[in-house]
A.B. asks: 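The following block contains the structure, expressed as structure tokens.
Computed from a predicted structure; not experimentally measured.
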Amino acid sequence: MTNPTHWSMTEAADAIASRKISALELTEACLAASRAWQATTNAFIDLRADEALEAARAADAATGPRGKLHGVPLAHKDMYYRKGRISTCGSVIRKAWVAPSTSTALARIDAAGALDLGTLNMAEWAGGATGHNIHFGDACNPHAPAHITGGSSSGTGAAVAARAIFAGLGSDTGGSIRLPAAACGLAGMKATWGRVSRAGAMPRAWSLDCVGPLTRTVRDSARLLSIIAGADPADPTAANVPVPDYEQGIDAPVTGLRIGVPENFLFDEVEAPVQALLDAALAVFRRLGCTLVPVRVPDGQALLDLGGLISVVEAAAIHREHMTTRPQDYSRNLFNRTEPGFHIPAVRYLEALSLRGKILAEFSAATLSQCDAIFAPVIGQALPTRAETDVEAGASLAFAHSKLIRCTRPFNYLGLPALSVPCGFTAGQLPVGFQLAGAPFSEALLFQLGHAFQMATDFHTILPKAPAA
């Protein structure tokens, strides 16, 4: 039998449902993989093996209706609260902080029958694009351990790519789902702002934060988003918009769909090896019957700057008390990037917020009206090393942060959904991904396009080299 940890999440769920494998056998296999990879990836902050095995036995003994993830082992970024458990949020400040309640997203995943193997590493307070963490150690890329995982959902990216878990939650304020997805060869969905409840999830910037999955396949992301999305009384910003079954229609042909390829900004700083893989991905869509349409991005730099302004001001407000009383417990990088938020006038912050609707309307009229989805890079350069992006050791902040989020943050500011899909490897087995962005609540269409690409390619099936025994 094929190693069951190499299945996709949906394949694993189907195997349990058909009694091909038990939840206990699958959990034991994932725990073995998690332990084998931990020294290489440092993906887990807390691996809760005994509790996971107990839950697996209970899942196998359960009678009655079963959820869509019954018995499937997952793990999540350590910023999703579970009542009575420590949630570190990647910071020494919360090494002993016990969550008073369980996040809505975790509760919905629990209700679908999934098992929880533990908590995953992340950038400190979800505030980094690389995966560095001075408190718990850096998460490392299983495809190339000297290189970054992308952040801030670094442990989730590493654990899913290593085939230690089948999927996990990340969060995306400026790219923190899509960056590790692209860097680790995964699918990652940043849904429309408000599509998923953020109740019980640590905030980074209220006006930008999105909850979403990192998975091995686009179909996996579709199933997981179907489970976690929807209105929530505990989060008044969660959109009261019906949630479709995103797997329905995912196999529909994409012939005739228009893919917008930006002629400005988003491709301006893409390096040649990455561009070659992006061009090859566009050729796949053309063969699938899609029409490639040149589009313009109205003032992309403004989207980047306005999103950054909102992010830094809201982060400063969230961290004001800790930064005042415990400044020594922040990395120099995060403290220095957050501190300017205290000095930005309220007028500028409110302007940035108030302009979102107007700019989204302009973007929709000028760009989205010309196509069904926008195709763009996620990371425009070959994946850098952890040493090259270690700001604590003197690396350039612009290279370690601003350059990495150049293509992702604009969609956070606009609140639009964006799906990262792997499309190949540069030299040194370094993954590359593209993103598909669309109109608000167009996730089903993005899943359809991303899934069609994966059915025509095999990049999502390429495994990282197993660690030495």
A.B. asks: Side-chain atoms of residues 110-118: list all donor-acceptor pairs with protein atoms under 3.5 Å, sequence neighbours left out, distances to 0.1 Å.
C.D. replies:
unit_1: Asp110; atom_1: OD1; unit_2: Arg82; atom_2: NH2; d: 3.1
unit_1: Asp110; atom_1: OD2; unit_2: Arg82; atom_2: NH1; d: 2.8
unit_1: Asp116; atom_1: OD1; unit_2: Gly118; atom_2: N; d: 3.0
unit_1: Asp116; atom_1: OD2; unit_2: Arg82; atom_2: NE; d: 3.2
unit_1: Asp116; atom_1: OD2; unit_2: Arg82; atom_2: NH2; d: 3.0

A.B. asks: Please report the shortest heavy-atom distance between Met9 and Ala167, naming the atom on each side.
C.D. replies: SD-CB, 3.7 Å
A.B. asks: Under a 3.5 Å cutoff, is there a donor and acceptor pairing between the side chains of Asp220 and Thr215?
C.D. replies: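 Result is no, nothing qualifies.
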A.B. asks: With a 4.5 Å limit on heavy-atom distance, are the side chains of Leu69 and Leu74 in contact?
C.D. replies: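 Answer yes - side chains close enough.
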A.B. asks: If I compare all heavy atoms of Gly450 with all of Leu436, which pair ends up nearest, and what's the gap?
C.D. replies: N-CD1, 3.9 Å
A.B. asks: If you compare all heavy atoms of Gly71 against all heavy atoms of Ala59, which two are closest, and at what distance to 0.1 Å?
C.D. replies: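 Closest heavy-atom pair between Gly71 and Ala59: CA-CB, 4.3 Å.
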A.B. asks: Write down the atom of Ala238, the atom of Ser197, and the distance for their closest heavy-atom approach.
C.D. replies: CB-CA, 4.0 Å
A.B. asks: Between Arg163 and Arg216, is there a side-chain heavy-atom distance shorter than 4.5 Å?
C.D. replies: yes
A.B. asks: Judged by modelled atom types alone, do Asn3 and Thr5 share a side-chain donor-acceptor pair under 3.5 Å?
C.D. replies: yes
A.B. asks: Under a 3.5 Å distance rule, please check whether Ser153 uses its side chain to pair with a backbone N or O of Thr156 as donor and acceptor.
C.D. replies: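 Not at all, since once roles are kept as given, no pair shorter than 3.5 Å links the two residues.
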A.B. asks: Checking Val72 against Ile16 for the side chain to side chain contact (heavy atoms under 4.5 Å, CB included) test, could you report, in this order, the C-alpha distance in whole Å, the side-chain angles of both residues, the deciding distance, and whether it holds?
C.D. replies: CA-CA 8 Å; Val72 179; Ile16 290 176; 4.3 Å; yes
A.B. asks: Once salt bridge (Lys or Arg N to Asp or Glu O under 4.0 Å) is applied, do any residues pair with Arg108, and if so which ones, sequence neighbours excluded?
C.D. replies: none
A.B. asks: Taking the side chain as every heavy atom from C-beta outward, state whether Val243 and Arg195 have any pair of such atoms under 4.5 Å apart.
C.D. replies: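 Yes, side chains in contact.
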A.B. asks: Side-chain contact, heavy-atom cut-off 4.5 Å: Pro73 with Leu31?
C.D. replies: no
A.B. asks: Just how far is it from atom CG of Leu278 to atom CG of Leu266, taken to the nearest 0.5 Å?
C.D. replies: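 Taking CG in Leu278 and CG in Leu266, the distance rounds to 11.0 Å.
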A.B. asks: Write out all pairs satisfying side chain to side chain donor-acceptor pair (under 3.5 Å) with one or both partners inside residues 436-449, taking only residues at least two apart or from two chains.
C.D. replies: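 Matches after skipping sequence neighbours: Thr192-Glu443.
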A.B. asks: Which residue pairs satisfy the side chain to side chain donor-acceptor pair (under 3.5 Å) criterion with at least one member in residues 44-54, sequence neighbours excluded?
C.D. replies: Asp46-Arg48, Arg48-Glu51, Glu51-Arg85
A.B. asks: Let me have the donor-acceptor pairs involving side chains of residues 92-102, under 3.5 Å, with sequence neighbours excluded, atom names and distances please.
C.D. replies:
unit_1: Arg94; atom_1: NH1; unit_2: Tyr81; atom_2: OH; d: 2.9
unit_1: Thr102; atom_1: OG1; unit_2: Lys83; atom_2: N; d: 3.0

A.B. asks: Identify, with sequence neighbours excluded, every residue that meets salt bridge (Lys or Arg N to Asp or Glu O under 4.0 Å) alongside Glu269.
C.D. replies: Lys403, Arg406
A.B. asks: Roughly how far, to the nearest 0.5 Å, is the CD1 atom of Ile21 from the CG atom of Asp14?
C.D. replies: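 The distance works out to 13.0 Å.
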A.B. asks: Within a strict 4.5 Å, meaning less than it, do heavy atoms of the Ser171 and Met79 side chains meet?
C.D. replies: yes
A.B. asks: What residue pairs, at least two apart or across chains, pass ring pair (Phe, Tyr, Trp, His ring centres under 6.0 Å) with a residue in residues 423-467?
C.D. replies: His143-Phe425, Tyr246-Phe447, Phe285-Phe434, Phe285-Phe453, Phe375-Phe434, Phe434-Phe453
A.B. asks: Side-chain contact, heavy-atom cut-off 4.5 Å: Leu303 with Leu414?
C.D. replies: yes
A.B. asks: Tell me, which pairs form a side chain to side chain donor-acceptor pair (under 3.5 Å) where one or both residues lie in residues 413-437, sequence neighbours left out?
C.D. replies: Arg178-Gln435
A.B. asks: May I ask you to decide if Ser152's main-chain N or O and Ser176's side chain share a donor-acceptor pair within less than 3.5 Å?
C.D. replies: yes
A.B. asks: Assess whether side chain to side chain contact (heavy atoms under 4.5 Å, CB included) is satisfied between Ile86 and Asp78, documenting all intermediate values.
C.D. replies: CA-CA 9 Å; Ile86 291 173; Asp78 197 14; 5.7 Å; no
A.B. asks: Check the pair Val274, Val432 against side chain to side chain contact (heavy atoms under 4.5 Å, CB included), reporting the backbone distance first and the verdict last.
C.D. replies: CA-CA 7 Å; Val274 174; Val432 172; 3.9 Å; yes
A.B. asks: Please lay out, stage by stage, how Leu334 and Ser331 fare under the test side chain to side chain contact (heavy atoms under 4.5 Å, CB included).
C.D. replies: CA-CA 5 Å; Leu334 185 60; Ser331 66; 3.3 Å; yes
A.B. asks: To the nearest 0.5 angstrom, please state how far the OG atom of Ser311 sits from the CG atom of Leu208.
C.D. replies: 6.0 Å
A.B. asks: Does Arg198 offer a backbone N or O that forms a donor-acceptor pair with the side chain of Asp235 under 3.5 Å?
C.D. replies: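 Here the side-chain-to-backbone pair exists.
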A.B. asks: Taking salt bridge (Lys or Arg N to Asp or Glu O under 4.0 Å) as the test, write out the residues that go with Asp372, two or more places apart.
C.D. replies: Arg258
A.B. asks: Within the distance-only criterion (no hydrogens, no angle test), does the side chain of Asn121 pair as donor or acceptor with the backbone N or O of Ile45 below 3.5 angstrom?
C.D. replies: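 Not a single qualifying donor-acceptor pair exists.
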A.B. asks: Taking the side chain as every heavy atom from C-beta outward, state whether Phe166 and Ser8 have any pair of such atoms under 4.5 Å apart.
C.D. replies: no
A.B. asks: Report the distance from atom CH2 of Trp193 to atom OG1 of Thr173, rounding to the nearest 0.5 Å.
C.D. replies: 12.0 Å
A.B. asks: For residues 126-136, which residue pairs qualify under side chain to side chain donor-acceptor pair (under 3.5 Å), counting only residues two or more places apart or in two chains?
C.D. replies: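 Counting only pairs at least two positions apart or across chains, the side chain to side chain donor-acceptor pair (under 3.5 Å) contacts touching residues 126-136 are Glu124-His135, Thr130-His132.
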A.B. asks: Can a donor-acceptor pair be found between the side chains of Asp172 and Asn412 at a distance below 3.5 Å?
C.D. replies: yes
A.B. asks: List the atom of Pro180, the atom of Gly175, and the distance in Å for their closest heavy-atom pair.
C.D. replies: CD-O, 4.0 Å
A.B. asks: Looking at OH of Tyr80 and CD1 of Ile109, how far apart are the two atoms once the value is rounded to the nearest 0.5 Å?
C.D. replies: 8.5 Å
A.B. asks: Hey, does the side chain of Arg337 reach the backbone of His401 with a donor-acceptor pair shorter than 3.5 angstrom?
C.D. replies: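 Not a single qualifying donor-acceptor pair exists.
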A.B. asks: Once side chain to side chain contact (heavy atoms under 4.5 Å, CB included) is applied, do any residues pair with Thr149, and if so which ones, sequence neighbours excluded?
C.D. replies: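 Side chain to side chain contact (heavy atoms under 4.5 Å, CB included) check on Thr149 returns Ala139, Asn141, Ser154, Ala158, Cys184.
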A.B. asks: Does any donor atom in the side chain of Lys190 or Thr408 lie under 3.5 Å from an acceptor atom in the other side chain?
C.D. replies: no
A.B. asks: Using a 3.5 Å distance criterion without hydrogens, assess whether the side chain of Glu392 forms a donor-acceptor pair with backbone atoms of Ile134.
C.D. replies: no
A.B. asks: Considering non-hydrogen atoms only, spot the tightest contact between Pro213 and Ile177 and give its length.
C.D. replies: O-CG2, 3.7 Å
A.B. asks: Please name all residues satisfying salt bridge (Lys or Arg N to Asp or Glu O under 4.0 Å) with Glu247, sequence neighbours left out, ordered by chain then number.
C.D. replies: Arg219, Arg223
A.B. asks: Sub-3.5 Å donor-acceptor pair from the side chain of Asp268 to the main-chain atoms of Phe265, do we have one?
C.D. replies: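 Looks like yes, one N/O pair under 3.5 Å.
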A.B. asks: Any chance you could measure Leu368, atom CG, to Ile374, atom CD1, to the nearest 0.5 Å?
C.D. replies: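 These two atoms lie 4.5 Å from each other.
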A.B. asks: Does Asn240 reach the main-chain N or O of Ala231 with its side chain, forming a donor-acceptor pair under 3.5 Å?
C.D. replies: no
A.B. asks: Could you check whether any side-chain N or O of Glu25 sits under 3.5 Å from a backbone N or O of Ser22, counting only pairs where one atom can act as donor and the other as acceptor?
C.D. replies: yes
A.B. asks: Check whether any side-chain heavy atom of Leu292 lies under 4.5 Å from a side-chain heavy atom of Leu282, and answer yes or no.
C.D. replies: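 In contact.
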A.B. asks: Taking Ala205's backbone N and O only, do any of them form a donor-acceptor pair with Asp209's side chain (distance below 3.5 Å, no angle check)?
C.D. replies: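 Looks like yes, one N/O pair under 3.5 Å.
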